[in-house]
Amino acid sequence: TAWSDHCNVRMLLSFVDTPRSSPPDRSMFIQTETTPNDDSLKFIPGVPVMEDGTAEFLDTKSALASPLAIRLMGIEGVKSVFYGPDFVTVGKDSETQWAVVKPEIYSILMEFFSSGQPLFRSEEDREAAGPQDTRILDTDSETVAMIKELLETRVRPAIMEDGGDIEYRGFTEDGYVQVKLKGSCRGCDSSTVTLKSGIERMLMHYIPEVKGVEQVRIAVAYLLANPS
């Protein structure tokens, strides 16, 4: 039987090994939403996750900063974990079926958010997790400040609806805005359409200096050799 997109804790207690002294919150529901990427699902626990900023984990080394991320990455078939303000996006490989991994993901999320554990092992890990990419700096030109403002207020909320995020990476001398798509949007077949038909068109409409938008892709080998 397929799992419902709304997961009641009463159905999941048998999966959670929780001490009797601290029973899970029986009123908690975890809702899932599909994303444009068939290999990513957005899990909404009904409680704050990051609140401010986002964080993405693409390997076990980076996931060590977060007790929840390292447990999710330990599920066979799970390839990435992304934290949004009030959701967790989990990415899997194309060979693994959601029916196989969803029960364990539900169980881990339910146990974690019922336990009251901190999301990160230390405040330093928390501060380093999410880039402050759209913070307007004194050194930013008027054009860069406008780009950051539009990305933060118009683009980011829309992309988060699909379980992802966008990160500002720079503005080239020839007028190209460099961005990195994260979460469910990373590797999604429709990401090019999102960039060209949505983000690029809007930025070029409001900011004449912008000639285009390009996605920055960082190889996994580089990420492993240069962890942030």
Side-chain angles (χ1 to χ4, degrees), residues 48-59 61-66 69 80-89 91 118-188 190-228:
V49 180
M50 280 287 285
E51 296 190 62
D52 181 38
T54 62
E56 186 172 44
F57 308 93
L58 303 179
D59 52 64
K61 185 174 182 179
S62 63
L64 289 171
S66 170
S80 65
V81 176
F82 176 83
Y83 296 157
D86 59 356
F87 64 87
V88 177
T89 299
L119 194 61
F120 293 91
R121 297 191 185 280
S122 68
E123 187 60 31
E124 290 75 16
D125 287 333
R126 167 65 180 82
E127 292 176 357
Q132 302 296 319
D133 57 291
T134 53
R135 179 183 295 168
I136 298 175
L137 308 174
D138 293 338
T139 54
D140 288 339
S141 66
E142 182 178 350
T143 299
V144 169
M146 291 175 65
I147 292 169
K148 288 183 175 181
E149 177 71 17
L150 284 172
L151 289 176
E152 177 66 27
T153 60
R154 301 288 295 276
V155 178
R156 178 164 275 156
I159 290 183
M160 281 191 175
E161 285 293 316
D162 286 333
D165 194 12
I166 187 169
E167 180 181 331
Y168 171 78
R169 300 303 295 263
F171 183 56
T172 66
E173 292 182 358
D174 53 351
Y176 281 83
V177 179
Q178 296 178 320
V179 298
K180 178 184 175 185
L181 294 176
K182 303 167 71 175
S184 64
C185 298
R186 182 182 50 81
C188 176
S190 62
S191 61
T192 300
V193 177
T194 300
L195 282 176
K196 297 298 180 182
S197 299
I199 302 169
E200 182 178 85
R201 183 180 298 175
M202 186 187 68
L203 290 177
M204 291 175 66
H205 174 76
Y206 287 105
I207 309 173
E209 292 84 355
V210 173
K211 305 305 179 186
V213 176
E214 57 187 18
Q215 184 174 182
V216 175
R217 300 180 185 273
I218 301 178
V220 173
Y222 178 85
L223 286 171
L224 293 174
N226 301 272
S228 56

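Note that these values count all heavy atoms, side chains included, but never hydrogens, waters or copies made by symmetry.
Closest approach of Gln178 to Val216, counting heavy atoms only: CB-CG2, 3.6 Å. The two residues Phe57 and Ala69 come nearest to each other via the heavy atoms CD1-CB, 3.7 Å. Scanning both residues, Val179 and Arg169, for their nearest heavy atoms gives C-CG, 4.1 Å. Gln215 and Leu181 get closest at one heavy-atom pair: OE1-CB, 3.7 Å. Between Glu209 and Phe171 the shortest heavy-atom distance is O-CZ, 3.8 Å.
A distance-only check finds no donor-acceptor pair linking the side chain of Glu200 to the backbone of Gly212 [under 3.5 Å]. Of the possible donor and acceptor atoms, none in the side chain of Arg156 sits under 3.5 Å from a partner among the backbone N and O of Asp165. No side-chain donor-acceptor contact under 3.5 Å links Tyr168 to the backbone of Val144. With Ser66 contributing its side chain and Leu119 its backbone, the two residues share a donor-acceptor pair below 3.5 Å.
Ile159 CD1 to Glu167 CD: the interatomic distance, rounded to the nearest 0.5 Å, is 12.0 Å. Taking CG of Leu150 as the start and CD1 of Ile199 as the end, the distance is 11.5 Å to the nearest 0.5 Å. Between Phe120 atom CZ and Met50 atom CE the span is 4.5 Å, to the nearest 0.5 Å.
Across Arg154, Met146, Glu149, a single residue satisfies side-chain contact (heavy atoms from CB on, under 4.5 Å) together with Tyr206, and that is Arg154.
The 12-atom threshold is exceeded at CD of Glu123, counting heavy atoms of other residues, nucleotides or ligands nearer than 6.0 Å.
In this structure, the side chains of Leu137 and Lys148 come closer than 4.5 Å at one or more pairs of heavy atoms.
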